[in-house]
Amino acid sequence: MKTNSRIEKILGQGGFVVTSECGPPRGADSEVVRKKGELLRGVVDAVNVTDNQTAVVRMSSLAACAILKGMGLEPILQMVCRDRNRIALQSDILGAAALGINNVLCLSGDHQKFGDHPQGKNVYDIDSIQLIQTVCRMRDEGRFLGGEEIKGKPLMFVGAAENPFADPFEIRAARLGKKMKAGCEFIQTQCIYNMERFSRWMEMVCERGFHEKCAVLAGVTPFKTAGMANYMKKNVPGMDVPDEMIERMKGVPKEKQAEEGIKICVEQIQQLREIPGVRGIHIMAIEWEAKVEEIVKAAGLFPRPEIE
Amino acid sequence: MIVGNRKDFKEILEKLGPRRRVLVLGCNECVTVCGVGGEREVGVLASELRLFWKKEGETFEVREHTLERQCDCEYIDQIRGFADEYDVILSMACGAGVQYVSEAYKTKLVLPAVNTTFLGVTIEQGVWSERCQGCGACILDMTAGVCPIARCAKSLLNGPCGGSSGGKCEIDNETDCAWQLIVDRLKESGQMERYEEILPVKDWRSGREGGPRKRVREDLKL
C-alpha cells in the first residue's frame, strides 16, 4: 500500500469498488455538502468531489472534500488543469494531503466555453497526463516538478478519467495506457450507455494488460427523465447515448420515468460487473444523490466491505 | 502571416470621437494579404468616413496612405512630412505596426482600426486558419506537424481530451480536433507507436510567459 486510500485498500484485497459523486454548491453553504455527504455515508467507498464541473463556478473541490473528510467520508479530490498552473496545482495537492485527503483524480476539465464565465482565460500549463506524473513524482520521489525536495510527501492514490466514447476510438485504450505509464492507478470512465462500445474498449484495455496495473471503474449515470437522456445525447461533449435507450425512457409515462431510469442504471451495473477487467462502478447521480443508496442496494453491491 | 479583422465602423467612429482630420495608414504586408489593412482597405475605410461625415454635414479631412511596412522605422519615417497635419493616425496594421507608428510619433494619437488575431495560413480565398502561437520552442517534430498548442482549445500536449467527437473539437463542430489530426497523420506516416510517448511538461519560458521577448542577432547588427 502506498497510501491510506480506502479504494486502494479495497482494490488491494481484491474487492469491487463503488464510488459516487458530490457536486459542490454554487454558494458558500456547507450544509449542502453535508446533506449530500449524509446521503452517501456507508453507501459507497469513496466520493468524488467535482472541480467547477462544466466550467461553472462552485465551492472549491478542496473545501468540499475537507467537509466530507470531517464527516468521516472518503473524498476523491477532482483537479482540472483548466484553472490552475503547476504552482497552484502542486500547492493544492500538498494542502489536500495535509487535510487527510487520500485520493486525487487528474482531469483536463471542460472548456470554459461551456460554463458561466466563457469570457475567462484558461490555463492548461500542464495536461491531465502530466498532472498524474506530477502527483506521482511528489509522492514517490518526494520532488516538485521544479526538482526541489518536498518535506512531507503527499500520499495520494492517483486516478484519472477516460472516455471510451470519444474519438478517435482506436487510440482510446492506448490513451489509458499512457495514463497508466504516467502512474495512474485507477480510472473512472465517462457515463456508459453504449455497452457494446464499452465492451470493445475494455477488450482492447485487457489485451494490452493495462487493467492489471490500473483499475477500471465503470461510470454510470441514471436518467431522471427522457428529456435528460435526449439532452445528454445532443449537448454533452463525448456522450454516446443509443437511440433505443431514449426510446425506452420515452415509452414510459412521465411520472414513471425516474423509476425507469433507476431500473436501466441497475441493469447496466449488472452487465458491467460481468465484463472482464471492470474493478468497480462509479455512480454519477447528477443532483440525485438521494437515489445512490437505492441503486447500490438494487445492484447487490450493499453492504460495502469493511477494511482494516 | 499575421491575420486580423477590421474593427466595426461604429467602434472606429467612437474611438475617433470629435477628431475629423484623419490619416488612414495601411500596411503592405500581412494585413494586405489577409485583406484587412492594405491599400484597398484603406480606400474603403477612408470612403466610409468621408461619406458618413458628409451626410452629417461635417467638415473633415481624410488622407489615405499605405506604407511598405509599419514594423520598420525606415518606412514609418516616410509620413513625417505630413503626419502633423492630422489629429489622428488611424493605423490599419497589426498590433505591432500600430505600436511602432505610435512610438515614432509620440505627440500624435495613433488608433488601431484592426483587431490582430493570429498567426495563420490561407485555407482558401477569404478563409484563414490559426497555426502558431509563437511559443518559442517548436515541437512540431513530435506531433506529426500539427501544433496542439495553437490548434487544441486546451493546448494539450497529450491529447485528445474526452470531448473529441467525429474529428471535431468540443468547443464547436466547425473546429477540427488537433489530436484527431495528429493521430491521422501518425497513422498515415506509419508512426502510430509515437502516440504512446508521453510529451513532457513544457518549459513556457521561451514564450510570452517568460516576459516580453527580444531577439538580438549580433552578426546582423550594423
Side-chain angles (χ1 to χ4, degrees), chain A residues 54-55 80-82 85-86 89 106-114 118 122-134 137 145-146 160-184 189-191 208 219 235-240, chain B residues 133 135 137 139 142-144 146-188 191-210:
Chain A
T54 64
V80 301
C81 298
R82 179 191 59 228
N85 70 4
R86 64 190 78 185
L89 288 166
C106 305
L107 307 165
S108 307
D110 296 312
H111 194 270
Q112 72 276 12
K113 183 192 166 157
F114 299 101
N122 62 32
V123 180
Y124 294 113
D125 176 16
I126 63 176
D127 64 27
S128 60
I129 290 184
Q130 294 164 344
L131 179 59
I132 296 168
Q133 285 180 321
T134 304
R137 180 165 191 208
L145 257 185
E162 189 45 54
N163 184 0
F165 309 103
D167 292 320
F169 183 65
E170 71 262 37
I171 56 93
R172 286 290 154 187
R175 189 162 159 76
L176 186 149
K178 278 174 96 162
K179 290 182 177 177
M180 185 201 75
K181 205 160 96 182
C184 181
T189 75
Q190 174 67 284
C191 321
R208 299 188 60 179
N235 299 312
V236 181
M239 196 70 73
D240 181 352
Chain B
Q133 287 196 347
C135 74
I139 54 158
M142 294 189 276
T143 55
V146 177
C147 179
I149 295 165
R151 300 179 70 185
C152 164
K154 302 175 184 175
S155 296
L156 301 181
L157 289 177
N158 296 285
C161 74
S164 177
S165 182
K168 300 296 175 186
C169 173
E170 70 177 23
I171 63 162
D172 69 65
N173 51 24
E174 296 291 306
T175 305
D176 289 328
C177 167
W179 274 94
Q180 174 80 55
L181 297 175
I182 293 170
V183 168
D184 290 346
R185 300 255 178 101
L186 286 173
K187 212 178 343 178
E188 282 160 13
Q191 303 182 78
M192 267 309 275
E193 73 286 352
R194 293 212 68 179
Y195 180 75
E196 314 270 332
E197 293 167 24
I198 297 176
L199 262 67
V201 166
K202 192 169 169 70
D203 181 345
W204 295 105
R205 282 176 296 185
S206 53
R208 196 208 60 81
E209 290 73 12

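All chains are named by letter (A, B, ...) in the order of the sequence lines, taking the proteins before the strands, and each is independently numbered beginning at 1. Heavy atoms only: backbone and side chains are in, while hydrogens, waters and symmetry mates are out.
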Using non-hydrogen atoms only, which part of A/Leu107 is less than 4.5 Å away from chain B: side chain, backbone, both, or neither? neither

Among A/Asn122, A/Asp125, A/Val236, which residue forms the greatest number of heavy-atom pairs with chain B at distances under 4.5 Å? A/Asp125

Side chain B/Trp179, main chain B/Cys152, donor-acceptor under 3.5 Å: no

Measuring heavy-atom distances to chain B, does A/Gln112 have an atom under 4.5 Å in its side chain, in its backbone, in both, or in neither? neither

Salt bridge present between A/Arg208 and B/Glu196 (N-O < 4.0 angstrom): yes

Side-chain touch B/Pro160/B/Gln180, heavy atoms, less than 4.5 angstrom: no

Is B/Lys187 in contact with chain A via its backbone, its side chain, both, or neither, using a 4.5 Å heavy-atom distance? side chain

Taking side chain as everything from C-beta outward and backbone as N, CA, C, O, which of these in A/Asn163 sits under 4.5 Å from a heavy atom of chain B? Side chain, backbone, both or neither. side chain

With a 4.5 angstrom heavy-atom cut-off, is it the side chain or the backbone of A/Asp240 that approaches chain B, or both, or neither? neither

Given the rule in the side-chain contact (heavy atoms from CB on, under 4.5 Å) test, do A/Arg175 and B/Tyr195 qualify, once you have shown the distances and angles that lead to the verdict? CA-CA 8 Å; A/Arg175 189 162 159 76; B/Tyr195 180 75; 3.6 Å; yes

Contact check, side chains of B/Met142 and B/Leu157, non-hydrogen atoms, under 4.5 Å: no

For a 4.5 angstrom cut-off between non-hydrogen side-chain atoms, does A/Asp167 reach B/Cys177? no

Hey, does A/Ser128 have a side-chain heavy atom less than 4.5 Å from the side chain of A/Lys179? yes

Is any side-chain heavy atom of A/Phe114 closer than 4.5 Å to one of A/Asn235? no

Checking heavy atoms, do the side chain of A/Lys113, its backbone, both or neither come under 4.5 Å from chain B? side chain

Please look at B/Glu197 and chain A and tell me whether the side chain, the backbone, both or neither of the residue comes under 4.5 angstrom of a heavy atom of that chain. backbone

Using heavy-atom distances under 4.5 Å, tell me whether A/Glu162 contacts chain B through its side chain, its backbone, both, or neither. neither

When heavy-atom pairs shorter than 4.5 Å are enumerated against chain B, which of A/Val123, A/Ile126, A/Asp110, A/Asp127 gives the highest number? A/Asp127

Contact leader toward chain A among B/Gly166, B/Cys169, B/Gly167, where contacts are heavy-atom pairs under 4.5 Å: B/Gly166

Contact origin within A/Phe169 toward chain B - heavy atom pairs under 4.5 Å: neither

Region of A/Ile171 in contact with chain B, defined by heavy-atom distances below 4.5 Å: both

What part of B/Lys154 lies closer than 4.5 angstrom to a heavy atom of chain A: side chain, backbone, both or neither? both

So A/Arg137 and A/Thr134, do their side chains get closer than 4.5 Å, heavy atoms only? no

Which atoms of A/Arg82 are under 4.5 Å from chain B, going by heavy atoms: the side chain, the backbone, both sets, or neither? neither

Chain A contact via B/Val201 - which portion, at a heavy-atom distance below 4.5 Å: both

Enter the distance from A/Gln133:CD to B/Ile198:CD1 here, rounded to the nearest 0.5 Å. 4.5 Å

